[in-house]
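First comes the structure, then the notes that go with it.
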Amino acid sequence: MTPYQSARRLGGSGDVWLNANEYAVSPSFDLTDRTFNRYPEPQPQAVIEGYARYAAVQPENVLVSRGGDESIELIIRAFCELNDSILYCPPTYGMYAVSADTCGIKAKTVPLTADFQLDLPQIKANLDGVKVVFVCSPNNPTGNLIKRSDLLELLQITAGKALCVVDEAYIEFCPEASLVSELQNYPHLAIIRTLSKAFALAGLRCGFTLANAELIGVLQKVIAPYPLPVPVSDIAAQALSPQGIAQMCERVAEVIALRADLQKNLENLPLVEKIFESEANYLLFKCQDGQKVFKALWEQGIILRDQHKALGLQNCIRITIGTAEENLRVINALKNM
């Protein structure tokens with residue numbers, strides 16, 4: 001097995017960490033629940049109801065888990081048997097393949113097109129034996145949205161054949177693109193969400209699955225009995241309060257403004273060949289010699305994410321939007337190369 005190469009697993013030694021799509025500054029919370037001698041609720045009511053209000057769904061349409069990653073694995077465990085397959089579309093998030101591998105499930109791949117969109121004819125031709133199709137939008141690491149019309153066509157193609165899972169980890173940066181309104185129309189649709197990105201709570205490990213009540217009921221059969229520790233559910237409930245959501249929206253607006261400034265500055269650098277459109281909290285850019293640039297920054301303590309080995313992303317680097325100071329340090333380092 002090849003483990004997922006998370007940012008922390010890859011290591012590095014620096015003081016500018018822009019490789020994991022985290023928010024640059026930690027929010028501050030004080031615990032209000034200190035009942036540590038009892039097991040927590042299996043599905044903390046305050047968190048479920050808070051996220052249901054935020055996502056404009058009913059509580060029975062929400063499952064909370066240890067990050068979006070657990071949601072990926074739960075779906076595979078619940079719906080795939082040993083001779084089944086999942087299907088995903090690289091370049092994209094690596095945990096779909098890793099989770100399938102750990103569950104002993106085969107994975108089929110249908111690469112994205114040259115403009116990072118779904119190849120629907122090839123997906124349709126490869127659905128035999130597929131129980132789950134994973135799509136990430138905005139896509140990680142490319143940053144682009146998958147066309148809504150293509151996602152709706154994918155839902156029609158997979159109806160009666162496979163679950164269609166849309167990973168919306170970065171949807172707060174483009175909320176109008178969410179498919180949550182389609183849950184009532186497609187019972188085989190599941191949506192993955194997280195508090196790791198726009199809510200600035202990557203260290204909390206709190207994610208969600210949104211789906212019809214029957215699908216959620218199946219996932220509840222396989223999830224661990226107490227997935228969220230008391231401190232996690234306490235902070236998550238606070239983050240989902242009206243005040244917490246307002247603060248999240250302020251962070252999103254800040255990140256989008258910083259992303260625009262960073263993109264403009266990158267465009268003025270001769271060694272940057274292309275910057276890809278992004279609707280997330282990161283940018284993907286291509287250099288003349290991406291690996292050399294990545295290594296040079298790494299040695300200066302500026303840790304980005306090398307995407308050179310990802311399908312179709314030779315010489316590409318992904319950079320998380322940092323603080324204005326961190327972004328400027330990256331630009332100045334690139335200017336001096």
Side-chain angles (χ1 to χ4, degrees), residues 20-71 74 138 166-181 183-184 190-211 213 216 219-220 223-258 279-281 320-321 323:
N21 301 339
E22 302 150 324
Y23 185 68
V25 181
S26 176
S28 180
F29 291 95
D30 292 321
L31 292 183
T32 61
D33 185 353
R34 298 179 180 274
T35 310
F36 302 141
N37 62 311
R38 304 294 184 190
Y39 287 109
E41 296 176 81
Q43 289 287 292
Q45 184 177 1
V47 178
I48 294 292
E49 292 181 351
Y51 203 86
R53 283 193 300 271
Y54 165 66
V57 297
Q58 296 302 310
E60 58 264 29
N61 301 125
V62 180
L63 182 86
V64 63
S65 60
R66 290 168 291 195
D69 291 333
E70 186 179 28
S71 177
L74 284 173
V166 181
D167 189 340
E168 293 186 347
Y170 301 92
I171 203 64
E172 279 78 16
F173 300 98
C174 49
E176 68 284 352
S178 176
L179 283 190
V180 71
S181 63
L183 287 172
Q184 59 186 342
I191 295 172
I192 295 174
R193 296 282 191 87
T194 184
L195 299 187
S196 294
K197 311 304 179 185
F199 283 88
L201 291 170
L204 204 64
R205 307 310 302 129
C206 184
F208 301 87
T209 306
L210 307 180
I216 294 296
L219 297 181
Q220 286 177 333
I223 194 170
Y226 311 108
L228 257 60
V230 168
V232 172
S233 59
D234 185 348
I235 293 172
Q238 294 179 54
L240 293 167
S241 69
Q243 180 184 1
I245 291 172
Q247 292 171 344
M248 178 273 291
C249 292
E250 292 175 2
R251 281 192 291 269
V252 167
E254 175 197 19
V255 168
I256 290 174
L258 288 169
E279 298 290 344
N281 64 341
T320 305
I321 309 305
T323 63

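Just so it is clear, the structure is predicted and the values come from calculations on it, not from any experiment.
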Stepwise side chain to side chain contact (heavy atoms under 4.5 Å, CB included) check, Val25 with Thr323: CA-CA 8 Å; Val25 181; Thr323 63; 4.3 Å; yes

With a 3.5 Å distance limit and no angle check, can you tell me whether [X] reaches the backbone of [Y] through a side-chain donor-acceptor pair?
| X | Y | value |
| --- | --- | --- |
| Gln238 | Asp30 | yes |
| Asp234 | Thr32 | yes |
| Ser233 | Val230 | yes |

Side-chain touch [X]/[Y], heavy atoms, less than 4.5 angstrom:
| X | Y | result |
| --- | --- | --- |
| Leu210 | Ile192 | no |
| Phe199 | Leu204 | no |
| Phe173 | Val255 | yes |
| Leu201 | Cys206 | no |
| Asp69 | Arg205 | yes |
| Pro138 | Ile171 | yes |
| Gln247 | Arg251 | yes |

Gap separating the [atom1] atom of [X] from the [atom2] atom of [Y], nearest 0.5 angstrom:
| X | Y | atom1 | atom2 | result |
| --- | --- | --- | --- | --- |
| Ile48 | Gln58 | CD1 | CD | 12.5 Å |
| Glu70 | Leu228 | CD | CG | 8.5 Å |
| Asn281 | Asn21 | CG | CG | 5.0 Å |
| Ile321 | Glu22 | CD1 | CD | 13.5 Å |
| Ser241 | Met248 | OG | CE | 11.0 Å |
| Arg66 | Ser71 | CZ | OG | 12.0 Å |

Applying side chain to side chain contact (heavy atoms under 4.5 Å, CB included) to Leu183 and Val180, what does each step give before you reach the verdict? CA-CA 6 Å; Leu183 287 172; Val180 71; 3.8 Å; yes

Could you walk me through whether Phe208 and Leu63 pass the side chain to side chain contact (heavy atoms under 4.5 Å, CB included) check? CA-CA 5 Å; Phe208 301 87; Leu63 182 86; over 6 Å; no

Determine which pairs satisfy salt bridge (charged side-chain N to carboxylate O under 4.0 Å, His left out) with at least one residue from residues 192-202, sequence neighbours left out, and list them in order.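 Residue pairs with at least one partner in residues 192-202: Glu168-Arg193.
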
Between Thr209 and Leu219, does the side chain to side chain contact (heavy atoms under 4.5 Å, CB included) criterion hold? Intermediate values first, please. CA-CA 9 Å; Thr209 306; Leu219 297 181; 3.8 Å; yes

